[in-house]
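Just so you know, ligand 1 is whichever comes first in the structure, and atom 1 is the first atom listed for that ligand. Basis for what follows: all heavy atoms, side chains included, without hydrogens, waters or symmetry-related copies. Computed from a predicted model, the values in this text were never measured in an experiment.
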Amino acid sequence: MTVRVCRDADVLASVAADAILEAAATAIRERGRFSIALAGGSTPEKTYGRLAQPNRATDWARWWCFFGDERFVPADDPRSNSGMAKRALLDRVPLVAEQVFPIPTDRPTPADSAADYAATLARAFAILADGPPPRFDLVLLGLGDDGHTASLFPGQPALAEDRAWVTWSAPGVLPPPVERVTLTFPTLNAARAVLFLVAGANKAAPLREVLAGSPSCPAARVRPTTGTVTWLVDGAAAALVDR
Ligand code: 6PG
C-alpha cells in the first residue's frame with residue numbers, strides 16, 4: 001500500500017491522471033488493452049477532466065471502461081455516476097462506444113441490474129460467469145465520510161457478498177438516498193491495481209480509520225490479493241494521518 005499526499009485537490013487530480021495514463025500504457029503494452037473501473041461521487045470529476053485534456057498520450061481505442069458502482073437512478077439523472085463520467089471524460093475522448101459499459105439502471109430492480117452487469121463483465125473479459133471475478137487493470141475508488149467505498153456501506157449485507165461479482169445495496173446513510181449497484185469485495189480485490197482518490201477535510205477521520213485497518217470501515221477491506229493499492233490524498237484529508 002502506498003499513500004501519496006498531494007498539496008491540494010488540483011494537484012491530486014493531475015497526479016491521478018498521470019497515474020491512470022501510466023497504468024493504461026503498461027496494460028496496453030502488456031495485454032493490448034486497458035480495463036478500468038471508474039469511480040463515482042464528486043472527487044474523481046477533476047481527474048476525469050485532466051484526462052480529457054487534448055493530446056493526452058494514450059490509445060483511447062484500447063480503453064475498456066466500466067464502473068465500480070452506480071446509483072439506481074435513470075442515466076440522465078444528475079446523480080448518475082455514469083452521467084458524471086460521460087460529461088467529464090467519456091464523451092470528450094475518442095473511446096470505442098462498444099467498449100464503454102455503464103451499469104444498467106433501467107432494469108426492474110437493482111438486483112436485476114447487478115446480475116446483468118455481472119453477465120456483461122463475463123462477456124467483456126471472456127470469462128465464465130461462475131468462475132473467479134474479472135481482473136481489472138485499474139479500479140478507481142473514493143472514500144465516504146462513513147468509511148464506505150464504491151457502494152459498500154457499513155452495516156449493509158453487500159459487505160458479506162463473497163461470491164457474486166456485482167451486488168446491490170439499499171441506500172447508505174450518506175446522500176443520495178437511493179439504491180445502488182456495486183462491485184463486490186471479491187471483484188475489487190481481484191484488481192491488478194486500486195487507486196483511491198480522497199480529498200477534503202471531511203475525509204480526514206475516515207482516512208485515519210481506514211489506514212489503521214479499522215474493521216468498521218468497508219474501504220479497509222480493499223486489499224487486492226496480488227494487486228497494489230495506492231491512496232492519493234490531499235493535505236486536508238491527510239491532516240490526521242501520522243506521516
Ligand atoms: C458514489 C461513490 C462513492 C464515493 C464516495 C466519495 O456513488 O457516491 O461510488 O463511493 O466514491 O462516497 O464521494 P465524494 O468523492 O463525492 O466525496
Side-chain angles (χ1 to χ4, degrees), residues 6 8-10 12-13 15-17 20 36-50 65-75 77-90 101-105 110 113-114 117 136 138-156 158-159 161 166-185 187-188 191 194-210 216-222 229-239:
C6 303
D8 57 34
D10 287 332
L12 187 156
V15 171
I20 293 164
I36 181 171
L38 298 172
S42 58
T43 303
E45 195 162 357
K46 273 198 173 86
T47 296
Y48 298 159
R50 295 287 195 287
C65 299
F66 303 83
F67 288 84
D69 70 325
E70 185 56 275
R71 290 88 177 270
F72 196 65
V73 296
D77 187 300
R79 299 168 294 182
S80 166
N81 285 336
S82 62
M84 179 274 285
K86 281 169 64 70
R87 289 189 299 273
L89 174 61
L90 304 180
F101 304 89
I103 294 174
T105 56
S113 293
Y117 204 58
F136 287 97
L138 180 62
V139 174
L140 299 183
L141 290 172
L143 175 66
D145 299 12
D146 60 355
H148 82 259
T149 194
S151 289
L152 297 165
F153 299 116
Q156 292 284 356
L159 298 182
E161 180 52 64
V166 190
T167 192
W168 71 280
S169 175
V173 297
L174 298 174
V178 296
E179 292 172 312
R180 308 291 191 95
V181 180
T182 183
L183 298 184
T184 59
F185 284 122
T187 307
L188 298 180
V194 173
L195 181 62
F196 279 93
L197 309 179
V198 184
N202 59 315
K203 305 299 173 73
L207 181 63
R208 176 184 56 189
E209 293 304 303
V210 170
S216 63
C217 279
R221 290 179 52 185
V222 176
V229 180
T230 301
W231 289 81
L232 279 184
V233 304
D234 73 352

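- Side-chain contact of Glu209 with Ser216: a donor-acceptor pair under 3.5 Å is absent, judged by distance alone.
- The protein heavy-atom contact nearest to atom 15 (O) of ligand 1 is Thr43 OG1, 2.6 Å.
- Between Phe66 and Phe136, the ring planes are perpendicular. Angles over 60° get that label, and only those under 30° would be called parallel.
- Listed by chain and residue number, Asp77 satisfy the salt bridge (Lys or Arg N to Asp or Glu O under 4.0 Å) test with Arg79 (two or more places apart in sequence, or in another chain).
- Shortest non-hydrogen contact noted between Lys203 and Asp145 is CE-OD1, 3.1 Å.
- Among all non-hydrogen protein atoms, the one lying nearest atom 12 (O) of ligand 1 is His148 NE2, 2.8 Å.
- Between Phe196 and Val210 the shortest side-chain heavy-atom distance does not fall below 4.5 Å.
- Ligand 1 places these atoms under 4.0 Å from at least one heavy atom of Gly142: 11 (O).
- Looking only at heavy atoms of the protein, atom 17 (O) of ligand 1 is closest to Lys203 NZ, 2.5 Å.
- With respect to atom 9 (O) of ligand 1, the closest heavy atom belonging to the protein is Asp69 OD2, 2.6 Å.
- In terms of heavy atoms, Ala204 sits closest to Ala236 at CB-O, 3.7 Å.
- With respect to atom 10 (O) of ligand 1, the closest heavy atom belonging to the protein is Ala150 O, 2.6 Å.
- Proximity to Asn81 (heavy-atom distance under 4.0 Å) selects the following atoms of ligand 1: 1 (C), 7 (O).
- Annotation: atom 6 (C) of ligand 1 to nearest protein heavy atom, Leu143 O, 3.5 Å.
- The shortest contact between atom 8 (O) of ligand 1 and any protein heavy atom is with Arg71 NH2, 2.8 Å.
- At the top of the distance list for atom 16 (O) of ligand 1, counting protein heavy atoms only, stands Ser42 OG, 2.6 Å.
- With a 4.0 Å cut-off on non-hydrogen atoms, Glu70 does not touch ligand 1 at all.
- Interface of Gly41 with ligand 1, defined as ligand atoms under 4.0 Å from a residue heavy atom, comprises 1 (C), 2 (C), 8 (O), 16 (O).
- Using a 4.5 Å cut-off on side-chain heavy atoms (C-beta onward), Glu179 and Pro171 make contact.
- Taking CG of Leu12 as the reference point, atom OG1 of Thr47 lies at 6.0 Å (rounded to 0.5 Å).
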